Amino acid sequence: MAEEKERNEAILSNIADGIVAVDRDGAIVLWNATAETISGVPAEEALGRRVSEVLQRDLAAGDGAPPGERSISIQRGDKEVWLSVSEAVMADAAGSVAGRIFAFRDVSSERLVEQMKSDFVATVSHELRTPLTSIYGFAETLMRGDVEFSDTERETFLAYIASESERLINIVDDLLSVARLETGTLRLTVEETDVAAVAREVVARVQEHADRWEFQVDVPNGGVVVDADRDKLSQVLLSLLDNAVKFSPDGGKVSISARRRPDGAEVRVTDEGVGVPRADHQRIFSKFYRAENGTPGMGGTGLGLFLARGLLVAMGGRIWVESKEGQGSTFVIELPAASSGQVQAPAERAAV
Amino acid sequence: MSLRVLVIDDEAPIRLLCRVNLEAEGMSVAEAQDGRQGLDTARAETPDAILLDVMMPGLDGWSVAEELLANEETRRIPIIFLTARADIRDRARGLGVGGLDYITKPFNPVELATLVRDVVAAVERGEREELRAEKLSELRELLGSA
């Protein structure tokens with residue numbers, strides 16, 4: 001009998017779930033090692049007390065509660081921990097409750113992922129609805145039979161339909177690229193690409209709808225040629241410039257520079273905006289991350305930098321940020337040299 | 001007398017969309033591109049109605065509505081939320097903070113003037129609370145069927 005009890009206790013103490021048993025009076029008689037880890041309460045502090053005293057809440061579902069696993073939260077220090085709890089009632093020969101056993105797992109990280117997914121769906125829905133409003137709205141407006149719009153007005157409405165459609169396409173492209181990056185099905189068309197030319201094009205696009213900012217393009221004559229997928233590089237630079245504008249709400253200078261390096265090219269995008277706190281320098285590149293020091297209500301899917309890094313890594317490059325909070329940011333990109341070696345200064349340039 | 005409407009939205013195309021469609025129905029329109037500017041314009045011009053976006057840089061629409069309703073000069077101006085936040089809890093929040101209607105984007109701008117006119121007329125008849133109660137009960141029905 002003693003041997004069996006010992007064996008049972010050995011199993012329970014090594015099991016991956018937290019196991020807690022209480023007697024008919026609700027006093028804890030078993031608190032295994034996993035229960036200690038999950039709750040942060042050692043067994044010697046828990047044994048003999050009631051669960052509600054130890055965890056500041058009860059694990060029992062109460063009479064009439066539906067059977068099966070339930071999610072509840074407990075506090076471990078200042079951290080909220082979510083548990084998935086199942087419960088078994090032990091009855092004595094007379095059929096009355098002789099005790100209860102609870103098994104639980106820490107599901108906090110699963111819960112966080114679910115929360116992030118649900119926030120993401122809400123964000124994407126918002127991001128899609130905004131350009132759709134303009135497209136649908138201006139189309140309906142143009143179809144009004146009771147108003148005669150001038151040619152200039154009609155052109156403005158059509159231009160908005162076009163530019164907001166483009167915005168919608170960019171969001172959908174981002175979503176597709178993320179899905180492809182994650183499934184390893186992203187296709188790159190790597191060819192010799194002049195970073196300087198791409199930078200100029202992207203600046204021209206961003207400038208169209210950001211007239212409060214001063215844009216500066218600093219690229220050497222003769223261009224900076226790397227091996228890259230031109231469209232993807234353009235997508236990355238667009239995302240960086242959009243961020244530069246978004247995070248410098250008071251306007252200011254946004255500059256983009258490209259330089260040849262012995263083993264590749266370096267592109268720097270600098271703004272005079274809110275900056276990135278040191279602690280977030282890595283985190284900003286993670287999926288769904290959205291800046292907290294940005295102003296609330298700022299748009300964005302939280303995919304831009306995640307995607308930028310993914311695309312650059314896929315092209316053999318890398319990206320990082322140099323910034324202090326409140327003092328603007330510089331995003332630095334490195335890309336490998338073109339296999340033809342054209343990244344080196346052209347002869348005529350070197351001779352100057 | 002023509003109605004004067006203030007549109008508070010950070011998206012220029014959406015402000016234009018509201019402007020042309022409301023002006024087409026004889027209303028006059030003022031615009032504000034963020035919450036702070038919206039509050040200033042509302043105090044200065046006391047429009048007959050406000051179309052208010054929620055997610056804007058700086059002061060968001062919820063805070064703008066609260067400030068408008070807390071201020072003696074602006075608390076009688078009917079607020080209609082106009083937002084891409086389509087979640088039912090956001091609708092409840094919009095009506096909860098004192099909005100009289102809640103339009104989710106995308107919306108048909110051709111119908112905007114009628115909607116504004118109806119809300120303003122109901123408020124002028126002294127039916128502000130009835131209107132809110134009606135919208136809240138619509139919402140409860142939606143919640144019930146969800």
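All chains are named by letter (A, B, ...) in the order of the sequence lines, taking the proteins before the strands, and each is independently numbered beginning at 1. Everything numeric here is computed off the predicted structure, so don't read it as measured data.
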Smallest heavy-atom separation, B/Ala84 atom then A/Arg129 atom, equals O-CD, 3.2 Å
Within 6.0 Å of CZ in A/Arg212, more than 12 heavy atoms from elsewhere
yes
Do you know the tightest heavy-atom contact between A/Phe138 and B/Pro13?
CZ-O, 3.3 Å
Which members of residues 21-42 of chain B, sorted by number, sit under 4.5 angstrom from chain A on a heavy-atom basis?
B/Asn21, B/Ala24, B/Glu25
Determine whether more than 12 heavy atoms belonging to other residues, nucleotides or ligands lie under 6.0 Å from atom CZ of B/Arg43.
yes
d(B/Arg85 CZ, A/Thr123 OG1) to nearest 0.5 Å is 9.0 Å
Nearest-0.5 Å distance, CG of residue B/Asn108 to CE of residue A/Met143:
8.0 Å
Let me know which of B/Asp10, B/Asp53, B/Ile14 forms a side chain to side chain contact (heavy atoms under 4.5 Å, CB included) with A/Thr130.
B/Ile14
Might you confirm whether atom CZ of A/Arg144 has over 12 heavy atoms from other residues, nucleotides or ligands at distances under 6.0 Å?
yes
Where along residues 160-181 of chain A does a heavy atom come under 4.5 Å of chain B, listed by residue number?
A/Tyr160, A/Glu164, A/Arg167
Closest heavy-atom pair, A/Glu140 versus B/Val110, reported as atoms and distance to 0.1 Å, is O-CG2, 3.8 Å
Which atom pair, heavy atoms only, marks the closest approach of A/Gly137 to B/Pro109?
O-CG, 3.4 Å
Check whether any side-chain heavy atom of A/Phe157 sits under 4.5 Å from a side-chain heavy atom of B/Leu17, and report yes or no.
no
Atom OG of A/Ser125 and atom NZ of B/Lys105: how far apart are they, to the nearest 0.5 Å?
12.0 Å
